[in-house]
Amino acid sequence: MINQVTIVGRLTRDPELREIGSNKHVLNVTVAVNRPFKNQAGENEADFIRCTIWNRVAQNTSEYCEKGSLVGITGRLQTRVFNRDDGSKSYFTEVFADSVRFLDRKKAASEAEFEPFPEPPPTPAEQNASAETHFEVIR
């Protein structure tokens with residue numbers, strides 16, 4: 001039997017890490033996953049998939065992600081059954097994450113917090129080309 005799911009989407013709200021017991025953490029997030037087609041009105045639709053993440057993976061997700069972060073989650077589907085007060089049953093399906101990949105970097109409060117990636121040094125061919133190239137401004 002195989003029960004494996006992979007989803008890629010954006011978090012719908014900031015993650016809120018909860019501690020359960022001693023040194024156990026859980027994070028419940030909802031991931032918006034765009035459908036690969038448009039509806040009859042020509043608009044894109046999305047599925048909102050609830051995911052449960054545990055322990056160290058939950059801590060890392062809480063620390064490095066926020067609302068709108070693009071994540072890739074692999075895990076398994078699990079369905080729970082709830083008995084309602086009126087005697088009916090409700091079914092709840094969610095993804096229990098085994099791993100979470102952060103597919104974009106965490107947004108900063110200001111762009112000043114980001115250090116730009118340094119440009120690689122020019123190759124010898126680029127150095128020679130720039131030394132031999134002359135530009136003349138004509139007005």
Side-chain angles (χ1 to χ4, degrees):
M1 305 279 172
I2 297 174
N3 180 0
Q4 185 175 14
V5 63
T6 301
I7 60 172
V8 174
R10 296 197 179 273
L11 297 182
T12 60
R13 61 184 162 90
D14 288 335
E16 294 179 18
L17 186 67
R18 293 182 296 141
E19 188 170 348
I20 299 176
S22 63
N23 218 14
K24 288 192 177 197
H25 295 87
V26 65
L27 182 65
N28 292 336
V29 297
T30 301
V31 179
V33 179
N34 288 335
R35 293 182 179 170
F37 54 86
K38 296 183 179 192
N39 62 16
Q40 290 179 343
E43 300 168 340
N44 288 324
E45 293 182 355
D47 292 304
F48 296 89
I49 302 169
R50 184 153 168 114
C51 302
T52 299
I53 308 166
W54 289 94
N55 299 323
R56 189 68 187 150
V57 178
Q59 291 173 318
N60 288 338
T61 303
S62 176
E63 182 176 345
Y64 294 106
C65 295
E66 61 186 6
K67 179 180 179 177
S69 294
L70 185 64
V71 295
I73 296 177
T74 58
R76 61 184 166 80
L77 286 179
Q78 183 170 318
T79 302
R80 293 188 270 170
V81 179
F82 293 100
N83 293 318
R84 295 184 175 214
D85 293 337
D86 64 1
S88 66
K89 291 184 178 183
S90 275
Y91 295 89
F92 184 72
T93 301
E94 62 189 320
V95 174
F96 272 71
D98 294 325
S99 68
V100 177
R101 296 204 105 171
F102 312 134
L103 302 176
D104 62 2
R105 64 182 177 186
K106 185 174 181 178
K107 296 176 181 76
S110 71
E111 290 297 321
E113 292 182 28
F114 287 124
E115 293 182 25
F117 291 108
E119 291 192 26
T123 64
E126 291 172 334
Q127 287 176 343
N128 290 339
S130 66
E132 296 171 3
T133 306
H134 300 283
F135 295 99
E136 185 175 324
V137 178
I138 302 174
R139 293 184 188 213

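Everything quoted here is computed from the prediction, not taken from an experiment.
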Counterpart residues, side-chain contact (heavy atoms from CB on, under 4.5 Å), relative to Asn3 (two or more places apart): Arg76, Leu77
So do the side chains of Phe102 and Cys65 get within less than 4.5 Å of each other, counting heavy atoms only? yes
Would you please say whether a donor-acceptor pair under 3.5 Å links the side chains of Asn28 and Thr52? yes
Does the side chain of Leu17 reach to within under 4.5 Å of the side chain of Gln59, using non-hydrogen atoms? yes
Are any of the side-chain heavy atoms of Trp54 and Leu27 separated by less than 4.5 Å? no
Do Asp104 and Arg10 make a side-chain contact, defined as non-hydrogen atoms from C-beta onward lying under 4.5 Å apart? yes
Within 6.0 angstrom of Asn23 CG, more than 12 heavy atoms from elsewhere: no
Without hydrogens or angle criteria, can the side chains of Thr74 and Ser99 be said to hold a donor-acceptor pair below 3.5 Å? yes
Starting from Val33, can I reach Leu70 by hopping between I/L/V/M/F/W/Y residues whose side chains sit under 4.5 Å apart? no
Validation row: Ile73, Val31 side chains within 4.5 angstrom (heavy atoms): yes
Within a 6.0 Å radius of atom CG on Asp85, are there more than 12 heavy atoms belonging to other residues, nucleotides or ligands? no
With sequence neighbours left out, what residues match Thr12 under side-chain contact (heavy atoms from CB on, under 4.5 Å)? Thr30, Ala32, Phe48
Taking the side chain as C-beta and beyond, is there a heavy-atom pair between Lys67 and Asp14 under 4.5 Å? yes
Rounded to the nearest 0.5 Å, what separates atom OG1 in Thr61 from atom CD1 in Ile53? 4.5 Å
Taking Ile49 as the starting point, is it possible to reach Val8 by hopping between hydrophobic residues whose side chains are less than 4.5 Å apart? no
For Arg101, look at atom CZ and say whether over 12 heavy atoms of other residues, nucleotides or ligands are found less than 6.0 Å away. no
Does some side-chain heavy atom of Arg84 sit less than 4.5 Å from a side-chain heavy atom of Phe82? no
Linked, directly or transitively: Leu103 and Ile7 (ILVMFWY side chains, under 4.5 Å): no
Atom CG in Asn39, atom CD in Glu45: separation rounded to 0.5 Å? 4.5 Å
Basic-acidic side-chain contact under 4.0 Å: Glu94, Arg80: yes
Linked, directly or transitively: Val57 and Ile20 (ILVMFWY side chains, under 4.5 Å): no
